[in-house]
Amino acid sequence: MMSKFGLHEYIVETNRIILVAPDFDFDSFPDVGEQLLTLLSATVIEKQVDADLHSWIIDFEGCQLIVKAEHYSGTVWIESLGKNESREEMEFIATLLRNQS
C-alpha cells in the first residue's frame with residue numbers, strides 16, 4: 001500500500017518543498033523514501049546518513065534534487081542543488097503533491 005504524501009509548503013525563495021509525509025523513524029525512513037521515489041518516478045543517485053538525517057540525491061526527470069528526512073522533527077523536504085536551479089521541476093513536484101492531498 002502506498003503511503004500518503006502531500007504538499008505542506010513550497011518555499012519558492014529557497015526552492016524547497018516541505019512534504020506532508022507518513023510518520024517515520026530513523027530506521028523506517030528508507031521504506032518511506034522509496035515510496036516517495038515511486039510516486040515521483042525518481043531514482044536514487046546517492047544516499048548519506050547522519051545522526052538524525054537522511055539525505056538522498058535523486059534523479060527526477062534528468063535533474064538532480066536532494067530529499068532530506070529528519071527523524072526528530074518528522075520532516076521530509078526536497079530541495080534543489082542551487083537556489084535558482086530546477087525551478088520547473090520543483091513547481092511540477094509541488095503541483096503533484098498538492099494534488100495528492
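For Asp31, the side chain to side chain contact (heavy atoms under 4.5 Å, CB included) test picks out no residue, with sequence neighbours left out.
Distance alone, capped at 3.5 Å, is enough to place a donor-acceptor pair between the Asn15 side chain and the Glu85 backbone. Panel note: side chain Arg87, backbone Val12; a donor-acceptor pair is recorded below 3.5 Å.
Taking all atoms of both residues into account, the shortest heavy-atom contact from Thr75 to Phe24 is O-CZ, 3.9 Å.
Taking CG from Leu96 and CD1 from Ile17, the interatomic distance works out to 9.5 Å, rounded to the nearest 0.5 Å. Summarising the geometry, atom CD1 belonging to Ile45 is positioned 3.5 Å from atom CD belonging to Gln64; distances are rounded to the nearest 0.5 Å. Distance check: Asp25 CG to Tyr72 OH gives 10.5 Å after rounding to the nearest 0.5 Å. Interatomic distance, Ser28 OG to His71 NE2, rounded to the nearest 0.5 Å: 9.0 Å.
Contact of the Trp77 side chain with the Glu70 side chain is registered, since non-hydrogen atoms from C-beta on lie closer than 4.5 Å. Looking only at side-chain heavy atoms (C-beta outward), Met90 and Tyr10 come within less than 4.5 Å of each other. With contacts defined as side-chain heavy-atom distances shorter than 4.5 Å, the pair Phe5/Gln35 qualifies.
Ile66 and Leu37 sit in two unconnected hydrophobic clusters of ILVMFWY residues. Membership requires side-chain heavy atoms under 4.5 Å apart, directly or through other members. Both Leu7 and Leu39 belong to a common hydrophobic cluster when Ile, Leu, Val, Met, Phe, Trp and Tyr are linked at side-chain heavy-atom distances under 4.5 angstrom. Following chains of ILVMFWY side-chain contacts shorter than 4.5 Å, one cannot reach Ile18 starting from Ile93, and the two form parts of different hydrophobic clusters. In the hydrophobic clustering of this structure, Ile78 does not group with Leu81; members are Ile, Leu, Val, Met, Phe, Trp, Tyr whose side-chain heavy atoms approach within less than 4.5 Å, directly or through other members. A single hydrophobic cluster is seen to contain both Leu19 and Val44, as judged by linkage of ILVMFWY side chains at heavy-atom distances under 4.5 Å, directly or through other members.
Pairs engaging residues 43-58 under the salt bridge (charged side-chain N to carboxylate O under 4.0 Å, His left out) rule: Glu34-Lys47 [sequence neighbours left out].
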Indicate every side-chain donor-acceptor pair of residues 53-63 with a distance under 3.5 Å to a residue at least two apart or in another chain.
from: His54; atom 1: NE2; to: Phe26; atom 2: O; distance (Å): 2.9
from: Asp59; atom 1: OD1; to: Gly62; atom 2: N; distance (Å): 3.4

